[in-house]
Enquirer: 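Following this message is one structure expressed as structure tokens.
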Amino acid sequence: MNKPVTPVVNRASTQQDLQNGTGRRQILFRLTITSLVLLGLWQAIVVIFSMPPFILPPPLLVFDKLISNPELLWDHSLITLTEIVLGLLLGLFMGIGLALQMLLFNPVRRWLLPVLIASQAIPVFALAPILMLWFGYGMASKVIMAALIIFFPVTTTCFDGLRHTPTGYLDLATTMHANRWRQLWHIRLPAALPTLASGIRVAVVVAPIGAVVGEWVGSAGGLGYLMLQANARMQIADMFAALFILALFSILLYYSTDQLLKSHSLVSGKAKQHLKMKQRKLL
Amino acid sequence: MQATEINIRQLSLQYQNAPEPVFSDLNLQLPAGEWTCLLGSSGCGKTSLLRRLAGLIEPQHHCSGEIIDQHGQPLEGQIAYMAQQDLLLPWLKVRDNVCLQARLSKGKPSAEDYARADQLLAQLGLADSSHLLPDALSGGMRQRVALARTLMQDTPIVLMDEPFSALDAVTRHRLQALAFKALEGRTVLLITHDPQEALRLGQHVWLFQQRRLKAAATPDSPVPRPVDAELGDYQHRLLAALQAADEQFSVASVSEGERQ
């Protein structure tokens, strides 16, 4: 019994790493092929149906717009990216903060949870003109718009994760005389991270929508503003170029966040799977 | 460490909104430094009793009676708890899991805590696994880490709620012997539904039947007892007693239901 025991999954994990590497290459390969096929189809539609550039510009024209005036695109992209990142940070801060307060203070939960759920009946897009009125046409209204749009998913996923800590862990902590703050910091929060990570992934995809909607309603810069201006001047290729950058931002933000969350052992696939299993067993 | 005797007097527990108490007016003495096993079928209330001893019953439920040591003092701070699931935190490495109490009380384990954890892990044959995450361990290894975490708490009383029940027969047998050796000198209450486990490890065995405790006969040989013909005889008798109690309980429940 006392002889040293070899860990059971060393070889398996190495094999998994290799598989992950191959898997990533395969995904990249498939993504490239699919993109090329779609671009080919796009070009074919333009040629077959003789589409004028103000209805559907060919892919090469959009590419030309992307490289012909990079400064203009970069300036507007930077504004939108800043709004998205600030909105994400503000939304995460507000969402996690409210989830923690609802967990720690029962009256806050009793009074605010129904309001929070009911608030989802209000379409956030409809708030955009009011936000312009209150916070002006600058960056603040767009940041708040992006923050508001992610506030609900972040709050609910974080609260859900905090509330469903396996009771066995909390029992153990109680027998070890841990106070509620230590239980929160060392047990509840790490156990909630996989669920919160799902909320953050959703938030990263949704936040750009909030920022662009804000720009559409009223702004003096940003990719949404650029799209509106291009649309008014029938410069549809410029619109497509802005749209392409926006899609690129969303994809890059999603994958970088996903990688960041995965690289953290607390929310790794294995830990998440294990926690889910524990929650099923112990709740 | 001085061994602690546990005296349970007039202990009752009724869950909120439950029509009947789980148990009432229970009296039991757990001798200091010895293993007492509590045997009963599923749902008889043995885990509730253990949770009551560990102070895990929420205040909205109705509890009465007292649980004191030989000096008449409450047992607070003297109890370590080992559950059926290993309860290892998946985000902490093995040695950090072993040092969990230090983390929860001081925020961060000290170098001394880690040194002691390493010593305990080596004692339990897990020296090479201290830097692994629990995911990398087998079921038996995980329970040994849980045992190391319990030992790390260094309390005179250990409450165990079927900690070996999820393991295969061979691992369970090995771990029983290992736990018995490691917990020497402590007062242990082991909850189990396995008569063989109770007879093998228990210096005292109690049957929890119809919300009452009844002492069971045990072989005279020293614990941990070998699984031999004598133990087999006692096991048959225990099983018969458990079955008879279950049948009586079912009949009593049916007649009570008919009366209502």
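Below, all heavy atoms of this structure are taken into account, side chains as well, without hydrogens, waters or symmetry copies. Below, read A as the first sequence line, B as the second, and so on, with proteins coming before strands; counting in each chain starts at 1.
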Enquirer: Select one option (side chain, backbone, both, neither) describing which atoms of A/Ile187 are under 4.5 Å from chain B's heavy atoms.
Expert: both
Enquirer: Can you tell me how far the CG atom of B/Leu56 sits from the OG1 atom of A/Thr167, to the nearest 0.5 Å?
Expert: 10.0 Å
Enquirer: Heavy atoms only, distances under 4.5 angstrom: which of B/Ala80, B/Ser105, B/Gly55 has the most pairs with chain A? Name it, please.
Expert: B/Ser105
Enquirer: Is atom CD of B/Glu76 surrounded by more than 12 heavy atoms (other residues, nucleotides or ligands) closer than 6.0 Å?
Expert: no
Enquirer: To the nearest 0.5 Å, tell me how far A/Thr175 OG1 sits from B/Ile79 CD1.
Expert: 9.0 Å
Enquirer: Assess whether atom CD of B/Glu184 is packed by more than 12 heavy atoms of other residues, nucleotides or ligands within 6.0 Å.
Expert: no
Enquirer: With side chains defined as the heavy atoms from C-beta onward, is the minimum distance between B/Arg103 and A/Met176 less than 4.5 Å?
Expert: no
Enquirer: Check each atom of B/Ala54 against the heavy atoms of chain A and say whether the ones under 4.5 Å are side chain, backbone, both or neither.
Expert: both
Enquirer: Using heavy-atom distances under 4.5 Å, tell me whether B/Leu159 contacts chain A through its side chain, its backbone, both, or neither.
Expert: neither
Enquirer: If you define the side chain from C-beta out and look only at heavy atoms, does anything of A/His186 sit under 4.5 Å from B/Leu89?
Expert: no
Enquirer: With a 4.5 Å cut-off on side-chain heavy atoms, are A/Asp171 and B/Arg51 touching?
Expert: yes
Enquirer: Could you tell me which portion of B/Lys106 (side chain, backbone, both or neither) has an atom closer than 4.5 angstrom to a non-hydrogen atom of chain A?
Expert: backbone
Enquirer: Have a look at A/Leu172 and tell me which of B/Leu87, B/Thr150, B/Leu104 forms a side-chain contact (heavy atoms from CB on, under 4.5 Å) with it.
Expert: B/Leu87
Enquirer: Can you name the nearest heavy-atom pair linking B/Trp91 to A/Pro190, along with the distance?
Expert: CE2-CB, 3.2 Å
Enquirer: Report which part of B/Gln101 has an atom under 4.5 Å of a heavy atom belonging to chain A: side chain, backbone, both, or neither.
Expert: both
